[in-house]
Amino acid sequence: MIPAPEILLRGRGLTRRFPLPKQSLFEPKRSTTALDGVDIDVRSGSAVGIIGESGSGKSTLIRQLLALDRPTAGTVEFDGRAVDAGASARRLHWLRRQTGIVFQDPYASLDPRMSVGRIVGEPLWALGIEGDRRARVRDVLEEVGLGADMAGRFPHEFSGGQRQRIALARAIVHRPRLLVGDEPLSALDVTVRAQILELLGELRARENLTLIMVSHDIGVVQNLCDEVVVMKDGQVVEAGTTEKVLLEPQAAYTRRLLASIPTIDPDRS
């Protein structure tokens, strides 16, 4: 009997409330709830898609899981070790070594004053990773299909798809175990999106990455992910294998979400 994969990342009761500004001096404190008691398990080697409408809490959840923001309540464990989002940057080095993230906007996520080599190699220096760092930068640029000779160029010299490849190279240069994509394809055109999607699949297999993909594009999740988590109003309304959730949705919200996907009528001229 094949043993079940270990849980690499676990969140329990994750809640995040944000204070609202007071309208008057005597008004009581108010808050809005972006995340409301979310439980999530990410198995080692799996690819998990998180879907839902804008404002459903997808990105907020990612920020809690990666200790980029501190939850109002709840706990996170990575490989059985408790994650303290309130710890100093140095005390979180162990988590940063194990994780990488690619954000939505390839234009905003890269410092235009830095060369590609410096951008990609930044995690190696920041995390104090030993070895030939420049060689590793050259290798990872080749790995994402850019070429080592591009290390001396600057972000403005690249297209949107190439910039996202640079961001991806930066996210995996330190060989993390977990790669997170927060809407990494939404700013790209259809052709480039397909290329990056294929590259993510190749990297996942080659580097044995565990993957979390936040996306409003259900087609992306269907092609890349083994499991799906559906979120609404800061809560998980459904979770399971991609095939089961997308083909046999149990929650009414999931059915509405899938029904809203535009389709082309082949009989319409």
Side-chain angles (χ1 to χ4, degrees), residues 7-11 40 42-50 58-59 61-69 76-79 81 83 85 87 89-106 108-111 114 116-131 133-146 151 155 161-188 196-215 220 224-225:
I7 301 299
L8 181 65
L9 183 64
R10 170 175 284 129
I40 186 171
V42 178
R43 296 176 298 107
S44 181
S46 66
V48 178
I50 304 178
K58 304 186 300 295
S59 294
L61 174 59
I62 289 303
R63 291 182 62 81
Q64 314 307 307
L65 293 174
L66 296 183
L68 298 174
D69 185 30
V76 175
E77 291 182 0
F78 187 94
D79 201 17
R81 181 174 176 178
V83 175
R90 181 168 294 277
R91 289 182 62 191
L92 284 170
H93 269 192
W94 70 272
L95 181 66
R96 304 293 176 236
R97 284 174 176 261
Q98 300 290 333
T99 60
I101 185 168
V102 182
F103 294 102
Q104 176 177 358
D105 189 350
S109 64
L110 306 179
D111 189 334
M114 294 173 64
V116 167
R118 285 186 61 196
I119 289 170
V120 172
E122 191 175 21
L124 300 178
W125 274 269
L127 297 172
I129 294 174
E130 301 295 332
R133 296 164 178 165
R134 289 182 173 83
R136 175 56 185 159
V137 169
R138 292 193 296 269
D139 289 346
V140 79
L141 286 173
E142 295 281 359
E143 198 171 347
V144 299
L146 285 175
Q162 288 174 319
R163 292 187 192 197
Q164 202 61 303
R165 288 174 186 263
I166 295 168
L168 183 55
R170 178 178 58 187
I172 65 170
V173 69
H174 55 295
R175 295 186 174 92
R177 296 172 66 190
L178 173 68
L179 176 64
V180 176
D182 190 357
E183 299 278 11
L185 308 180
S186 62
L188 307 176
I196 299 296
L197 185 62
E198 182 179 3
L199 176 59
L200 283 168
E202 292 173 357
L203 288 172
R204 180 195 169 198
R206 188 161 62 235
E207 301 292 332
N208 194 29
L209 285 168
T210 302
L211 183 66
I212 300 177
M213 176 66 65
V214 174
S215 181
V220 167
L224 191 62
C225 299

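These figures come from a predicted structure and were not determined experimentally. Excluded from the calculations below are hydrogen atoms, water molecules and symmetry mates; all remaining heavy atoms, backbone and side chain alike, are included.
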For Ala205, what residues pass the side-chain contact (heavy atoms from CB on, under 4.5 Å) criterion, not counting sequence neighbours?
none
What is the distance from atom CD1 of Ile101 to atom CG of Leu168, rounded to the nearest 0.5 Å?
12.5 Å
The test is side chain to side chain contact (heavy atoms under 4.5 Å, CB included); show your working for Val83 and Trp94 and say whether it passes.
CA-CA 10 Å; Val83 175; Trp94 70 272; 3.8 Å; yes
Looking only at non-hydrogen atoms, find the nearest pair between Pro176 and Ala171 and report the distance.
CG-O, 3.4 Å
Which distance, rounded to the nearest 0.5 Å, do you find between the CG of Leu209 and the CG of Leu200?
9.0 Å
Rounded to the nearest 0.5 Å, how far does CG of Leu9 lie from CG of Leu65?
5.0 Å
Leu110 vs Arg170 side-chain heavy atoms within contact, under 4.5 Å
yes
For Phe103 and Gln164, work out which heavy atoms get closest and say how close.
O-NE2, 3.2 Å
How long is the span from the CG atom in Leu178 to the CD1 atom in Ile212, to the nearest 0.5 Å?
5.0 Å
Under the salt bridge (charged side-chain N to carboxylate O under 4.0 Å, His left out) test, residues paired with Arg206 that sit two or more places apart:
Glu143
Partners of Arg204 by salt bridge (charged side-chain N to carboxylate O under 4.0 Å, His left out), sequence neighbours excluded?
Asp226
What are the two closest non-hydrogen atoms of Gln64 and Asp69, and how far apart are they?
NE2-OD2, 3.2 Å
Heavy-atom side-chain proximity of Val180 to Thr99 below 4.5 angstrom:
no
Using side-chain contact (heavy atoms from CB on, under 4.5 Å) as the criterion, list what pairs up with Arg97, not counting sequence neighbours.
Leu127, Ile129
Could you tell me the separation between the CG atom of Leu61 and the CG atom of Leu66, rounded to the nearest 0.5 Å?
9.0 Å
Residues which pass side-chain hydrogen bond (donor to acceptor under 3.5 Å, both in side chains) with Gln162, listed by chain and number, not counting sequence neighbours:
Ser159
Under the side-chain contact (heavy atoms from CB on, under 4.5 Å) test, residues paired with Glu183 that sit two or more places apart
Lys58, Gln104, Ser186, Val214, Ser215, His216
Is it the case that atom CZ in Arg118 sees more than 12 heavy atoms from other parts of the structure closer than 6.0 Å?
no
Which value, rounded to the nearest 0.5 Å, describes the distance between Leu92 atom CG and Arg90 atom CZ?
12.0 Å
Give a yes or no on this: more than 12 heavy atoms of other residues, nucleotides or ligands lie within 6.0 Å of atom CZ of Arg133.
yes
If you take all heavy atoms of Leu124 and His174, which pair is closest and at what distance?
CD2-CA, 4.0 Å
Set of residues satisfying side-chain hydrogen bond (donor to acceptor under 3.5 Å, both in side chains) with respect to Ser59, sequence neighbours excluded:
Asp182
Taking side-chain contact (heavy atoms from CB on, under 4.5 Å) as the test, write out the residues that go with Leu211, two or more places apart.
Ala47, Leu179, Leu224
Looking only at heavy atoms, which two atoms of Pro184 and Val102 are closest? And how far apart?
CB-CG1, 3.9 Å
Non-neighbouring partners of Asp79 that pass salt bridge (charged side-chain N to carboxylate O under 4.0 Å, His left out), sequence neighbours left out
Arg177
Taking side chain as C-beta onward, heavy atoms only, is Ile166 less than 4.5 Å from Pro155?
no
side-chain hydrogen bond (donor to acceptor under 3.5 Å, both in side chains) against Arg10, all qualifying residues, sequence neighbours excluded
Asp41
Does some side-chain heavy atom of Arg138 sit less than 4.5 Å from a side-chain heavy atom of Leu141?
no
Is the shortest heavy-atom distance from the side chain of Thr210 to the side chain of Ser46 under 4.5 Å?
yes
Looking at residues at least two apart in the chain, or sitting in another chain, which of them share a salt bridge (charged side-chain N to carboxylate O under 4.0 Å, His left out) with Asp111?
Arg113
